[in-house]
Each structure stands twice: as C-alpha cells, then as structure tokens.
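Below is one structure, written out as structure tokens, with a few remarks after it.
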Amino acid sequence: MKYTSGLLCIFIFCTACNEQNETSLQKDSTNSETNFSGEWKSKESISMGGNIVCLYGEGDRMRSKTMKIAEQADFLTTEVSNPSPGAALATSQEKLAFDGKESEINYGPERGKKFTVKLSADGKTMTVNSVVHLMTAVPFSINTKKQQFVYVTEVWKLSNDGKTISVQANAKTTSFDEERSWKTVFDKVR
C-alpha cells in the first residue's frame with residue numbers, strides 16, 4: 001500500500017511538472033510569434049512624417065518605407081534599401097541593442113548619430129533615443145557652417161496581433177525652439 005501511494009505521488013508530481021513546462025513553452029512560443037521580426041511597409045518613412053529627412057544618411061532606416069527586421073534576444077537588426085531615386089540597389093543594416101548602451105553611426109566627417117535602445121518587459125514596446133549631429137549653413141553668411149543637434153525619441157509599439165508597428169516620434173532641434181511630433185504605421189507584409 002505504501003509503495004502504491006508513493007508511485008501515485010510521483011505520477012501526480014510529474015504530471016504537474018509536465019503541465020507547467022507545457023504552459024511555459026506555450027508562453028514562449030506566443031512571445032516569439034509576436035515580435036518585431038518580419039518585413040514591414042508604410043506609406044511614408046519615419047523621418048518624412050516630421051519632415052526631418054535631411055538629417056539622415058541615405059541608407060538610414062529612418063528614410064525607408066520598408067524594413068526587414070530580425071529580432072534576437074538582446075537586439076534587433078533592421079535592413080533597408082537605399083530610398084534615393086537613381087541610387088544603386090544597396091541595403092544597409094542597423095543593429096539596435098536593447099542594453100541601453102550608446103551606439104554610434106557616422107555618415108561622414110560632418111554628420112552622424114548616437115542612440116540608445118530599450119525594450120519593454122513584455123517585448124512589445126521599444127524606445128529609441130537619438131542625437132543626430134550635422135553641420136548646417138549659417139543664413140546670410142558665405143561658406144560658414146555651424147553644428148546642429150536634433151534630439152529624436154521614437155516609441156515603437158507592436159500591436160497585440162503582431163501585424164502592425166506604430167512609431168510615435170518626437171524631435172527637437174538646437175536651431176529652432178520647436179518640437180515636432182508625428183506617427184508612422186508599418187504593416188507586416190511577411
């Protein structure tokens with residue numbers, strides 16, 4: 001009798017553990033199905049909504065209407081085609097690491113950007129804070145340029161069904177005392 005009740009306890013314990021593991025696996029598979037990975041398309045680029053397209057290099061993700069995103073555990077990569085008319089067919093990649101550490105991209109001696117990225121605990125909201133720097137012409141002055149900084153915050157929100165990404169962007173520049181705010185929506189095409 002003691003032997004049978006011991007086996008019954010082991011069977012119940014193993015069944016409970018198995019159910020718990022299946023529940024964990026279901027949660028993990030649900031999360032992996034609703035992440036930022038995929039091919040995405042919008043009516044306009046993120047930067048066009050705020051009309052700050054001139055700040056970014058030709059291969060920057062901010063200038064593209066389409067993105068291919070691959071999400072990993074600690075980062076995601078975006079791959080975009082060069083959107084400039086007449087430009088050679090080329091793609092560029094940007095790595096967005098979720099660790100909150102600063103990354104930098106240089107477009108040349110007078111332009112570039114520094115940025116940090118954070119992902120929410122549920123994996124559905126990503127915040128990108130960027131400082132874009134460039135040299136701009138001084139009005140009414142011949143061949144004189146000054147450094148300009150543009151502070152951009154993008155909040156990417158993945159829909160619950162994983163079919164759209166809405167990007168709420170805000171930008172403020174050191175040249176003008178004006179803040180711009182706009183929203184861009186990307187639809188999943190694959």
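Reckoned from all heavy atoms, side chains included, excluding hydrogens, waters and symmetry mates.
Residues meeting the side chain to side chain contact (heavy atoms under 4.5 Å, CB included) test with Phe75, sequence neighbours left out: Gln72, Thr77, Lys95, Ala97. By the side-chain hydrogen bond (donor to acceptor under 3.5 Å, both in side chains) test, Ser166 is found to be paired with no residue, residues two or more places apart in sequence or in another chain being considered. Take Thr174 and apply the side chain to side chain contact (heavy atoms under 4.5 Å, CB included) test, not counting sequence neighbours, and it matches Gln148, Phe149, Tyr151.
For the atom pair Glu94 CD and Asp60 CG, the distance stands at 5.5 Å (nearest 0.5 Å). Note that CD1 of Ile69 and OG1 of Thr78 are 7.0 Å apart. Values are rounded to the nearest 0.5 Å. The CG atom of Leu134 sits 7.0 Å away from the CD atom of Gln147 when rounded to the nearest 0.5 Å. Note that the CE atom of Met126 and the CZ atom of Phe36 stand 5.0 Å from one another [nearest 0.5 Å]. In this structure, CG in Asp187 is found 12.5 Å from OG1 in Thr66, a value given to the nearest 0.5 Å. Taking CD1 from Ile165 and NZ from Lys188, the interatomic distance works out to 8.0 Å, rounded to the nearest 0.5 Å.
Proximity of a side-chain donor or acceptor of Gln168 to a complementary backbone N or O of Trp182 within less than 3.5 Å is detected. No side-chain donor-acceptor contact under 3.5 Å links Arg190 to the backbone of Gly38. Between the side chain of Ser45 and the backbone N or O of Ser64 there is no donor-acceptor pair closer than 3.5 Å. Side chain of Trp156 to backbone of Val128: no donor-acceptor contact under 3.5 angstrom is found.
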Hey, mind stepping through Arg180 and Ile52 against side-chain contact (heavy atoms from CB on, under 4.5 Å) and telling me if it holds?
-> CA-CA 9 Å; Arg180 296 179 181 182; Ile52 58 170; 4.0 Å; yes
What's the verdict on side-chain contact (heavy atoms from CB on, under 4.5 Å) for Asn129 and Val152, showing C-alpha distance, side-chain angles and the deciding distance?
-> CA-CA 6 Å; Asn129 288 300; Val152 182; over 6 Å; no
When you look at Val80 and Ser92, which way does the side-chain contact (heavy atoms from CB on, under 4.5 Å) test go after all the steps?
-> CA-CA 6 Å; Val80 298; Ser92 62; 3.5 Å; yes
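No path of Ile, Leu, Val, Met, Phe, Trp and Tyr side chains, each step under 4.5 Å between heavy atoms, connects Leu96 with Val131, placing them in separate hydrophobic clusters. Taking hydrophobic clusters as Ile, Leu, Val, Met, Phe, Trp and Tyr residues chained together by side-chain heavy-atom distances below 4.5 Å, Val155 does not share a cluster with Val132. In the hydrophobic clustering of ILVMFWY residues, with side-chain heavy atoms under 4.5 Å counting as a link, Tyr56 and Ile105 come out together. A single hydrophobic cluster is not seen to contain both Met67 and Val185; linkage of ILVMFWY side chains at heavy-atom distances under 4.5 Å, directly or through other members, places them apart.
Note on residues 66-81: no pairs pass salt bridge (Lys or Arg N to Asp or Glu O under 4.0 Å), not counting sequence neighbours. Listed by first then second residue, pairs satisfying salt bridge (Lys or Arg N to Asp or Glu O under 4.0 Å) with a partner in residues 40-55 number zero, not counting sequence neighbours. Identified under the salt bridge (Lys or Arg N to Asp or Glu O under 4.0 Å) test for residues 134-160, with sequence neighbours left out: Arg61-Glu154, Glu110-Lys145.
Considering all non-hydrogen atoms of both residues, Phe186 and Ser42 come closest at CE2-OG, 3.5 Å. Smallest separation of non-hydrogen atoms from Asn35 and Trp40: O-CZ2, 4.4 Å. Summarising the geometry of Thr184 relative to Ile46, their closest heavy-atom pair is OG1-CA, 3.6 Å, with the distance given to 0.1 Å.
A donor and an acceptor atom, one from each side chain of Asn170 and Ser181, are located under 3.5 Å apart.
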